[in-house]
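Reviewing the structure listed below.
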Amino acid sequence: MRLRFAPSPTGQLHVGNARTALFNWLLARGQGGTFIVRIEDTDVERSTRESELAMLDDLRWMGLDWTEGVDVGGEHGPYRQSERLHIYRAHAIELMSKGHAYYCFCSAQQLEADRQAALGAGRPPQYVGRCRNIPRDESRRRVEAGEPAAIRFRVPDRQGREVVFHDLVRGEVRFAAEVIGDPLIVRSGGVPAYNFAVVVDDALMEITHVVRGEDHISNTPRQLLLYEAFGWQPPAFAHVSLVLGPDHAPLSKRHGATSVKEFRDRGFLPEALTNYLALIGWSPGEGQELVPLEELARRFRLEDVGHSAGVFDVEKLAWVNRHYLKASPPQRLVELAIPYLQRAGWVSNTSPDVVEFLTHVVPAAAMSVDRVEQVPARLSFVFDYAAARALDDNAIRVEAKGSRTVIDALAEELRTAPPLVDRETFRAAASRVKDRTGQKGKALFHPIRLALTGAAEGLELDIAVPAIERGALLRSTGITRIISARERAAAFAEGVAALEP
RNA sequence: GUCCCCAUCGUCCAGAGGCCUAGGACGCGGCCCUUUCAAGGCUGAAACCCGGGUUCGAAUCCCGGUGGGGACGCCA
């Protein structure tokens, strides 16, 4: 079993295409087949090497791998269409000589006019066949005289003929040959057109299963006819439904993130994205949804893929992501969070003591966010505390009954207490504040939270306060100076005292 | 316009003629847990597009309609 993913390097890898790639990979992986990556860069204007590299990078990030393809080579190479031009040329000549193809001299303007006329008359806008019956020697003469010419495939037996194929996900699909206009196979510049290049490549690369988006379903009969003209055995086809946005329109920029890169940058985990993508149009069965990649591969079957388009649901992706975040070891979470903390300006190097410190705080924050990108916001209380701002933001809350006494007692207590570097020390200090003030529960902890973290909400104080204290003790210069609990309490109490009673 | 594909809760999926008073998940509401937010646990509301057949019996099969999507390119 040989499968391929063949993107056009004209931008970022779209999640819809990523899902197609994933399905191909899952099938190859699960069935012991070969997964091949080919680059379809015959659109010279839009294709870039940068995009190609980015797509390959995204595929690898997702955890997909291939042993044959554009950057790893293989015996069916080259795997970049722009490097296979001689192959297409030879095959175009073969079709011409067999009478399956002909030169077309129609100009772009002429074709456009034909199209408009057909549409206006309520006819399908297919090629009218103007050059179909130009005698061979005449067209040769015109080509030799330098007239620009494209090459078209001559659709055989157009009247009454049906092209039928068995789609592995949809079942039998049939098209009347007469709805197929003679497709262009080589452009006037000598560059092959999509429908031609894929057929030549899939055949020569011995692809056995073509799994691609539903948007290609109506290309299939044209391609089948091409296989027939060459005398080649066609591969099996499977057309998977498309991924839509919430409004049922194809997922696009206006819906938000659409590329793998964007989800990656926002702090989604690769295993979460692949797991979620596999859930659109398919189910691992037994009511299970959180299934890792290798297990997905074991269970994946084309016959089980749904027929209807699926709406991309970022909320559900986030839920899957939370699951994998919770399953990630602390060290990985730290590694993932560092770039975001650096961007926030709080971490400038990753010396061992910085990493050690982060290992104590990042995982706790990561347990209650959707994405790694949100970790810094969840940790801002550590790095970005200012008593004045804390007061401004919470002036009303400070006025709750008993708050001032707690805040004063806290400042007083911390003046002499040792740094609250662990949960027990913090609890002991809180307990003494409780004794001093007689406040307990919410009335006790809420003011403490305000004074020490500057916010009314956040991580458990048991974790937050030791994080602050450990950070304050840190001598490393790789991290923003962290203000100690003692300093916070003192400054906050001072600020409160200055308020009108 | 023509052709093709599709149609179960808001969304994703289960359901392959009786097991369906239609099941699970996300999201949403409520409750619980709790020193806060989140997380977590429990719980509730929420769907077989419409109309004809076939059948003792249809979410499941057939036909039509409607709706959505795709294609008809010297884009892929």
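This structure is a prediction, so every number in the text was calculated from the model and none was measured. Just so we're on the same page: letters track the sequence lines, and every chain starts at 1.
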Under 3.5 Å, is there a donor-acceptor pair between the A:R266 and A:Q374 side chains?
no
Can you find a side-chain donor-acceptor pair between A:R212 and A:T20 that sits under 3.5 Å?
no
What nucleic acid atoms does [X] come within less than 4.0 Å of, heavy atoms only: base, sugar-phosphate, or nothing?
X      : answer
A:R212 : nothing
A:G213 : nothing
A:D167 : nothing
A:G458 : base
A:S368 : base
A:E112 : nothing
A:N394 : nothing

Using centres under 5.5 Å plus planes under 30 degrees as the test, is A:W319 stacked with B:C26?
no
Rounding to the closest angstrom, what is the interatomic distance between B:C3 and B:A47 at atom P?
36 Å
With rounding to whole Å, what would you report as the distance between B:G65 and B:C4 at their P atoms?
12 Å
Write down the partner of B:C75 under the Watson-Crick or G-U wobble criteria, each distance required to be under 3.5 Å.
none
